[in-house]
Number of protein chains: 2
Amino acid sequence: MSCPSRRLLDTIGDKWVGLTIAALDTDGRLRFSELAARIEGVSQKLTQTLRNLERDGLVARTVTPSVPVRVDYELTPLGESLLEPICRLKEWAEAHMAEVDAARAEYDRRRG
Amino acid sequence: MSCPSRRLLDTIGDKWVGLTIAALDTDGRLRFSELAARIEGVSQKLTQTLRNLERDGLVARTVTPSVPVRVDYELTPLGESLLEPICRLKEWAEAHMAEVDAARAEYDRRRG
DNA sequence: CTGAATCCACGGCGATACTG
DNA sequence: CAGTATCGCCGTGGATTCAG
């Protein structure tokens, strides 16, 4: 398998990837702790999320060797280019998820 | 949480949803066995995938009470409206996943 | 402050066997 | 032909703990 679409969905389907990218899009460059504060409930999974995004070239990691150490994250150009298709998905969700909910309620009403 | 975007990603992030929708988009109305033949390796999970899509109002199920029984599936207008944002995602994947692969290779080369 | 490593529980996936 | 029911496994998410 491993078609490009499937792999992309595996990436952005990750529970925290969407929120992380959205935070970096809204606020630009952010420190680790700033990201953690903006994404409620992310706990320590944020580290792995950022590693994956960094590995995929979507997020850039900058270490400032001060004391204590400071680490910033920001979207790469490749990461920014992903915003547009994701935004389309978000628009569809906000426009149509109410219909999905209605369909679900109707389906569940008929069955059990 | 349960923001619309997250729920949509949970739906289309499902392993077989993308391929199922793509098959129904390409070929229109299809029988269960035709779908199963077009989606390699789907096994019996196709049933659950179709149930979920039907429940969400994205796919319509039509039963023809013949002998043996015949069941057809097709995209609803709501399901068809989802094609456009998904297509954007697919286009991004085909255009940029090679860059992601390159970034991964570079990352893995530097680390271990 | 940042992040690595580990443990655990849950849910999804795939396979198998059986029904109308 | 078109499902339904069930089961073991594995991966993932979450929390906790330890380290630079």
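Chain identifiers are assigned alphabetically (A, B, ...) following the order of the sequence lines, protein sequences preceding nucleic acid strands; residue numbering begins at 1 within each chain. Just so it is clear, the structure is predicted and the values come from calculations on it, not from any experiment.
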Notebook entry, point to check: Mapping A/P68 and A/K15 onto DNA chain D by nearest heavy atom, which one lands closer to the 5' end?
Noted result: A/K15
Checklist line | Ionic contact status for B/R6 with B/D10, cut-off 4.0 Å | finding: yes
Notebook entry, point to check: Are A/L9 and B/V17 side-chain neighbours, meaning at least one heavy-atom pair lies under 4.5 Å?
Noted result: no
Next item on the list: Among B/L35, B/D72, B/T20, find the one that has a side-chain contact (heavy atoms from CB on, under 4.5 Å) with B/L30.
Entry: B/L35
Check: Would you say B/L19 and B/V42 make side-chain contact, with heavy atoms under 4.5 Å?
Finding: no
Item checked: Nucleic acid contacts of residues 22-37 of chain A, taken as heavy-atom distances under 4.0 Å to DNA chain C -> A/R31, A/F32, A/S33
Checklist line | B/D72 CG to D/dG3 P, straight-line distance once rounded to whole Å | finding: 10 Å
Notebook entry, point to check: Salt-bridged, A/R38 to A/E34, with N to O below 4.0 Å?
Noted result: no
Item checked: Gap between atoms CG and C1', on A/D14 and D/dG14 respectively (whole Å) -> 13 Å
Next item on the list: Determine whether A/Y73 and A/L24 make a side-chain contact, defined as any pair of heavy atoms from C-beta on separated by less than 4.5 Å.
Entry: yes
Item checked: Carboxylate-amine/guanidinium proximity below 4.0 Å for B/D101 and A/R7 -> yes
Check: Between atom CG in B/L50 and atom C1' in D/dA2, what is the gap in whole Å?
Finding: 11 Å
Notebook entry, point to check: Quick one: does B/R51's side chain get under 4.5 Å of A/Y107's, heavy atoms only?
Noted result: yes
Next item on the list: Determine the contact category for A/K45: base if any of its heavy atoms lies under 4.0 Å from a base atom, sugar-phosphate if only primed atoms, P, OP1 or OP2 are that close, otherwise nothing.
Entry: base
Check: Taking any atom under 4.0 angstrom from a heavy atom of chain A, which nucleotides of DNA chain C are the first and last to qualify, 5' to 3'?
Finding: C/dC1 to C/dA4
Margin query: For a 4.5 angstrom cut-off between non-hydrogen side-chain atoms, does B/V71 reach B/R31?
Written below: no
Next item on the list: For A/Q44 and D/dT17, give me the distance from atom CD to atom P, rounded to whole Å.
Entry: 12 Å
Notebook entry, point to check: To the nearest angstrom, how far is B/E54 atom CD from D/dA2 atom P?
Noted result: 15 Å
Margin query: Any heavy-atom pair between the side chains of B/L78 and A/H96 that's under 4.5 Å?
Written below: yes
Notebook entry, point to check: So do the side chains of A/E84 and B/W92 get within less than 4.5 Å of each other, counting heavy atoms only?
Noted result: no
Next item on the list: To the nearest 10°, let me know how far the axis at one end of the helix from C/dC1-D/dG20 to C/dG20-D/dC1 is tilted from the axis at the other, five pairs an end.
Entry: 40°
Next item on the list: Starting from the 5' end of DNA chain C, give me the residue, A/Q48 or A/V71, whose nearest nucleotide shows up first.
Entry: A/V71
